[in-house]
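So the structure is just underneath, and the comments pick up after that.
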Amino acid sequence: MRIFMSTGEASGDMSAAALAEAIRRLEPRVRFAGIGGDRMRAAGFRITADTRGWASMGPLEAIAKVPPLLAEMLRHALVLRARPPALVVLVDFGAFNLRLAATLRRLRYPGPILYFFPPSAWTDREAPARQVAAYATALTTFEHQRDFYRSLGLPITYFGHPLVSLVPPKAPAPPPPADGGWVALLPGSRRGEIERHLPRLLAALALLRARRPRVRAVVSAAGDEAERLIRKALAAGPSDLEIVRGAPAALERADAAWIASGTAVLEAALREVPSVALYVVRPSQVAIGRRMYRGRFVTLPNLLLDRGLIPELLQDDATPERLCDELDAVLRDPSTQREGMRALRPLLGPPDALERCARFALDLASGA
């Protein structure tokens, strides 16, 4: 049995790899190919296109990438139509994957298409929801999106979020000493995220070290390109900053973390690592973002809990001073965040959510 998966950025690469590994535990003979990166490659995928550099911050940055991505989409649609796998799994990255699904159906692609992490999970946008339902079988990881699809009369399946299966909480630890502690810096996986966030985080770390001289820090690199950009930024910065691969390695020792808003904030919350979230885009993108989303929160833990558990410092609020103050406060008293984080896990579904998603995908592939 052959299964093809299509992603577009680091979080999708991670989710696709996790789903494939869970499917393989149920059916070891499945072969995987797909559009992805390092995590999928390590999980045994044959990579048909590397997504390094595909993700962008907002529609303006995406414009230059449209022609090559469109060419890749058409190439893959023709190959998949000519030799259909048992299942096509699309993972997030709606700008690319929705077009791939639509093109496959226009080419009369006969097989099942599963959309894992359908786009617009929290923005309640009707148009992409109807597109997903028209071209694919939707499998969401959030109750909110399930309820929105159902309010439109659209089919969708929900078993829970795979991170519940993958991320156990850390052992409880006391607050770090007043002059020290371990701090993790997770600036994001995209080039624009690293370029905009890392200088602010390094400046915030310098301020924090003035208050806590013995604080130690580690920075997460999502892949080869991210590590190259981080090393370049650190060339004139602190020489003792350790670079590790991925959020799990960065959060393992951390007493607290600065994290670019995204899946990593949820991962930190499930590990019960207190955090401060930030996100900065170009000023020209702010108005576009506000037209698309008007919610109170942007980080997943706050959205799920419907309260501001994790401090969110966005745009001009993400100053080194504010970042330092918020993280220092969390280091001094992590109890409030940790208590809220314990309430988060039950909101994400049962502990075997990933296995249920894998069984659902395998049943689709086998025609069960």
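As the structure is a computational prediction, the values presented were derived from the model and not from experiment. Excluded from the calculations below are hydrogen atoms, water molecules and symmetry mates; all remaining heavy atoms, backbone and side chain alike, are included.
More than 12 non-hydrogen atoms from other residues, nucleotides or ligands lie less than 6.0 angstrom from CG of Asp240. In Arg46, the CZ atom is not crowded: 12 or fewer heavy atoms of neighbouring residues, nucleotides or ligands sit closer than 6.0 Å. Few gaps surround CD on Glu27; more than 12 heavy atoms of other groups in view lie less than 6.0 Å from it.
Between the side chain of Ser15 and the backbone N or O of Gly12 there is no donor-acceptor pair closer than 3.5 Å. Judged by distance alone, the side chain of Arg212 and the main-chain N or O of Pro177 form a donor-acceptor pair under 3.5 Å. Judged by distance alone, with hydrogens and angles left aside, the side-chain atoms of Asn302 form a donor-acceptor pair with the main-chain N or O of Ile310 at under 3.5 Å. Remark: the backbone N or O of Thr299 is paired with a side-chain donor or acceptor of Glu312 at under 3.5 angstrom. A donor-acceptor pair under 3.5 Å is absent between the side-chain atoms of His161 and the main chain of Ala353, judged by distance alone. Side chain of Thr157 to main chain of Leu139: no donor-acceptor pair is present (N/O by atom type, distance under 3.5 Å, no hydrogens or angles). Checking side-chain atoms of Glu227 against main-chain N and O of Asp224 turns up no donor-acceptor pair under 3.5 Å.
A side chain to side chain donor-acceptor pair (under 3.5 Å) check over residues 246-266, counting only residues at least two apart or in different chains, returns the pairs Glu242-Arg253. The list of side chain to side chain donor-acceptor pair (under 3.5 Å) pairs with a residue in residues 87-103, not counting sequence neighbours, reads Ser6-Asn97.
Here the OG1 atom belonging to Thr141 is positioned 12.0 Å from the CZ atom belonging to Arg146, to the nearest 0.5 angstrom.
Between the side chains of Gln145 and Tyr158, no donor-acceptor pair is found at a separation under 3.5 Å.
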Test log, rule ring pair (Phe, Tyr, Trp, His ring centres under 6.0 Å), inputs Phe96 and Trp54: CA-CA 10 Å; Phe96 180 92; Trp54 280 26; 5.1 Å; yes
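Not counting sequence neighbours, the partners of Thr319 by the side-chain contact (heavy atoms from CB on, under 4.5 Å) test are Glu321, Arg322.
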